[in-house]
Amino acid sequence: MNPLSQRLLKMVDGLNFKDFVAFLSAFSAKASVQMKIKLIFKVYDSDGNGKVSFNDILEVLRDLSGSFISDNQREQVLTQLLKEAGYSKDSYLTLDDFIKVLGSPGLKMEVEVPVD
């Protein structure tokens with residue numbers, strides 16, 4: 001099972017049909033880069049406060065990497081990544097920050113949803 005599936009299910013829980021279809025549209029090949037980044041931001045912003053902390057990102061990385069790397073290695077990689085992007089471990093990233101970092105030209109934003 002996809003490790004992010006529980007996060008995605010939590011995001012759609014309680015949505016009406018119109019909002020559910022809007023949520024699914026981010027997975028479309030016709031969706032704009034900004035729409036896809038907004039979905040990615042919502043995955044990381046699990047508490048819905050409009051800010052993504054170091055720990056929020058670490059939690060998603062833990063879901064994605066499992067036991068392949070240690071918590072210490074994940075923290076080191078994330079600290080370096082944030083530093084290279086001009087942020088610190090104490091920074092809170094907003095949607096605008098995500099757009100600035102992920103919306104750069106040439107970055108491919110394709111979402112693949114495996115069907116079992």
Novice: If we ignore hydrogens and angles and just use 3.5 Å, is the side chain of Ser91 paired with the main-chain N or O of Tyr87 as donor and acceptor?
Specialist: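 Looks like no, no N/O pair under 3.5 Å.
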Novice: Distance from Asn55 atom CG to Ser53 atom OG, nearest 0.5 Å?
Specialist: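 Going from CG on Asn55 over to OG on Ser53, the span is 5.0 Å.
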Novice: Count I, L, V, M, F, W, Y as connected when their side-chain heavy atoms are under 4.5 Å apart, and connections chain through other members. Are Ile37 and Leu4 then in the same cluster?
Specialist: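 Yes: a chain of side-chain contacts under 4.5 Å links Ile37 to Leu4.
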Novice: Val101 and Leu81: same hydrophobic cluster, using ILVMFWY side-chain contacts below 4.5 Å?
Specialist: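 As far as the 4.5 Å side-chain criterion goes, Leu81 and Val101 are connected within one cluster.
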Novice: Would you compute the distance between atom NZ of Lys100 and atom CG of Asp96 and round it to the nearest 0.5 angstrom?
Specialist: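 Between atom NZ of Lys100 and atom CG of Asp96 there are 10.0 Å.
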Novice: Which pair of non-hydrogen atoms, one from Ile69 and one from Ser65, has the smallest distance, and what is that distance?
Specialist: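 Heavy-atom minimum between the residues: CG1-OG, 3.8 Å.
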Novice: If the plane angle is over 60° it's perpendicular, under 30° parallel, otherwise tilted; pick one for Phe23 and Phe20.
Specialist: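 The rings of Phe23 and Phe20 lie parallel, inter-plane angle below 30°.
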Novice: So do Lys83 and Lys89 actually touch side chain to side chain, heavy atoms under 4.5 Å?
Specialist: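 SC-SC contact between Lys89 and Lys83 ruled out.
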Novice: Does the distance from a Lys or Arg side-chain N to an Asp or Glu carboxylate O, for Arg7 and Asp63, drop under 4.0 Å?
Specialist: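 Yes, charged N to carboxylate O under 4.0 Å.
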Novice: Nearest 0.5 Å please: distance from the OG atom of Ser25 over to the NZ atom of Lys30.
Specialist: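 It is 12.0 Å, given to the nearest 0.5 Å.
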Novice: For the backbone of Lys42 and the side chain of Asp45, can you confirm whether one donor and one acceptor N or O come within less than 3.5 Å of each other?
Specialist: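 No; zero donor-acceptor contacts below 3.5 Å.
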Novice: Show the numbers, then the answer: is there a side-chain contact (heavy atoms from CB on, under 4.5 Å) between Asp97 and Tyr92?
Specialist: CA-CA 9 Å; Asp97 295 318; Tyr92 285 89; over 6 Å; no
Novice: Just wondering, are more than 12 heavy atoms of other shown residues or ligands nearer than 6.0 Å to CD in Gln73?
Specialist: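 Counting neighbours around CD of Gln73, more than 12 heavy atoms of other residues, nucleotides or ligands fall under 6.0 Å, so yes.
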Novice: Between the side chain of Ser32 and the main-chain N/O of Met35, is any donor-acceptor distance below 3.5 Å?
Specialist: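 Yes; at least one donor-acceptor contact below 3.5 Å.
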Novice: Can Arg74 and Glu59 be said to form a side-chain contact (heavy atoms from CB on, under 4.5 Å), step by step?
Specialist: CA-CA 10 Å; Arg74 268 188 289 273; Glu59 193 176 306; over 6 Å; no
Novice: Do Phe41 and Leu102 come within less than 4.5 Å of each other through their side chains, counting heavy atoms only?
Specialist: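 A side-chain contact under 4.5 Å is absent here.
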Novice: Looking at every heavy atom in both Ser46 and Asp56, which two are closest together, and how far apart are they?
Specialist: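 Between these two residues, the closest heavy atoms are OG-OD1, 4.3 Å.
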Novice: Treating Ile, Leu, Val, Met, Phe, Trp and Tyr as nodes and any side-chain heavy-atom pair under 4.5 angstrom as an edge, say whether Phe54 and Val77 lie in one connected cluster.
Specialist: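 In one cluster: no.
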Novice: Please examine the side chains of Leu93 and Ile57, heavy atoms only from C-beta on, and report whether any two atoms are closer than 4.5 Å.
Specialist: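 Side-chain contact under 4.5 Å: yes.
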Novice: Do Lys38 and Ile99 touch side chain to side chain, with heavy atoms closer than 4.5 Å?
Specialist: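 Side-chain contact under 4.5 Å: no.
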Novice: Taking the ring of Tyr44 and the ring of Phe98, is the distance between their centroids below 6.0 Å?
Specialist: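 They qualify: ring centres under 6.0 Å apart.
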Novice: If you take all heavy atoms of Leu39 and Ala26, which pair is closest and at what distance?
Specialist: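 Heavy atoms only, the tightest pair is CD2-CB, 3.8 Å.
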Novice: Could you tell me whether the side chains of Glu84 and Gln80 share a donor-acceptor contact shorter than 3.5 Å?
Specialist: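 On atom types as modelled, these side chains qualify, holding a pair under 3.5 Å.
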